[in-house]
Q: 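Please read through the structure below; I'll follow up with questions.
Here is how names work: the chains are called A, B, and so on, in the same order as the sequence lines, proteins then strands, and each is numbered from 1.
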Amino acid sequence: GAVVSQHPSWVICKSGTSVKIECRSLDFQATTMFWYRQFPKQSLMLMATSNEGSKATYEQGVEKDKFLINHASLTLSTLTVTSAHPEDSSFYICSGQGVYNEQFFGPGTRLTVL
Amino acid sequence: AQSVTQLGSHVSVSEGALVLLRCNYSSSVPPYLFWYVQYPNQGLQLLLKYTTGATLVKGINGFEAEFKKSETSFHLTKPSAHMSDAAEYFCAVSDRAFGNEKLTFGTGTRLTIIP
């Protein structure tokens, strides 16, 4: 199957700082990428859908000014958590949508905000 | 709107025993249904999916699932559990509106294998 990578895999930051997470489709072009967050022992919650070259569509309750998403190319989407606080600590997972609309998931990024 | 209910947040089976993980869905349109597995600190791996056609779907690692429209169910089974099957399993339904395959996940079932 297609491969999606995320970088970094784990990041620890101080409260108030911003953190950027990269999501790359390594061997396919992803017109659409999805960002999810997963709290410990809970399910994945869709945060936003990003389409290459256009603004992301955020799910209800997700602050677009806090979670900035950029999908500048067909192989790269970034999620920036601005002014992070401890409650933003979570596991962030991206997925890229392939040609047949299937989703390929990245390995996730664990964010810990101190 | 779609939704998924996974019955049983934790399931324990003995090694070699039958694995049965339950999933019921709600969808206003013919659903696409998925089962994913997640190992600790990793992303999701697709086990199998149902889109159209044959209602019994075979996936990787010996898993299979049967789509039953009358019961709105998509239960995951494996005849003989292996220690390596211990993981978190998520059932998901796809929202196929606007060409984007937005996935709605169930709350997950943690499968423990007893030696």
Q: Based on non-hydrogen pairs under 4.5 Å, which of A:Q42, A:Q103, A:R110 is most in contact with chain B?
A: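 Looking at each option in turn, the highest pair count goes to A:Q103.
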Q: Show your working on side-chain contact (heavy atoms from CB on, under 4.5 Å) between B:F90 and A:Q38 and close with a plain yes or no.
A: CA-CA 12 Å; B:F90 292 95; A:Q38 183 182 28; 3.5 Å; yes
Q: Under 6.0 Å from the NZ atom of A:K66, do we count more than 12 heavy atoms belonging to anything else shown?
A: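 More than 12 heavy atoms, drawn from other residues, nucleotides or ligands, come within 6.0 Å of this atom.
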Q: Do you reckon B:L18 sits in the same ILVMFWY cluster as B:L56, going by side-chain contacts under 4.5 Å, direct or chained?
A: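 No, separate clusters.
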Q: Could you state the interatomic distance from OG1 (A:T32) to NZ (B:K102), rounded to the nearest 0.5 Å?
A: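 These two atoms lie 11.5 Å from each other.
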Q: At a 4.5 Å cut-off on heavy atoms, which part of A:I93 comes close to chain B: side chain, backbone, both, or neither?
A: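 Only the side chain of A:I93 comes within 4.5 Å of chain B.
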Q: Identify whether A:V81 and A:V62 are in the same connected component of the hydrophobic contact network (ILVMFWY, side-chain heavy atoms under 4.5 Å).
A: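 Per the 4.5 Å side-chain linkage, A:V81 and A:V62 are co-clustered.
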Q: To the nearest 0.5 Å, what is the distance between CD (B:Q38) and CZ (A:F91)?
A: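 Atom-to-atom, B:Q38:CD and A:F91:CZ are 6.0 Å apart.
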Q: Assigning hydrophobic clusters by single linkage (Ile, Leu, Val, Met, Phe, Trp, Tyr; side-chain heavy-atom cutoff under 4.5 Å), is A:Y36 placed with A:L111?
A: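 Cluster IDs for A:Y36 and A:L111 differ.
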Q: When clusters are formed by joining ILVMFWY residues with side-chain heavy atoms under 4.5 Å apart, either directly or through shared neighbours, do B:F34 and B:L20 land in the same one?
A: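 Per the 4.5 Å side-chain linkage, B:F34 and B:L20 are not co-clustered.
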Q: Say whether, by atom type as modelled, one donor and one acceptor occur between the side chain of A:S43 and the main chain of B:G106 under 3.5 angstrom.
A: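 It does hold such a pair.
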Q: At a heavy-atom separation under 4.5 Å, does B:Y36 approach chain A through its side chain, its backbone, both, or neither?
A: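 When you check distances to chain A, only side chain atoms of B:Y36 fall under 4.5 Å.
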Q: Can you name the nearest heavy-atom pair linking A:F105 to B:L44, along with the distance?
A: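 Closest approach of A:F105 to B:L44, heavy atoms only: CB-O, 3.5 Å.
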Q: Going hydrophobic residue to hydrophobic residue with side-chain gaps under 4.5 angstrom, can you get from B:V93 over to B:F63?
A: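 Cluster IDs for B:V93 and B:F63 match.
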Q: Heavy-atom count check: over 12 atoms from other residues, nucleotides or ligands less than 6.0 Å from A:H7 NE2?
A: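 For A:H7, atom NE2 is not crowded (no more than 12 foreign heavy atoms under 6.0 Å).
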Q: Got a second to check how far A:F34's CZ is from B:L103's CG, nearest 0.5 Å?
A: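 Spacing of CZ (A:F34) from CG (B:L103) equals 7.0 Å.
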Q: Going by an N to O cut-off under 4.0 Å, is there a salt bridge joining B:K49 and A:E102?
A: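 Salt bridge flag = no for A:E102 with B:K49.
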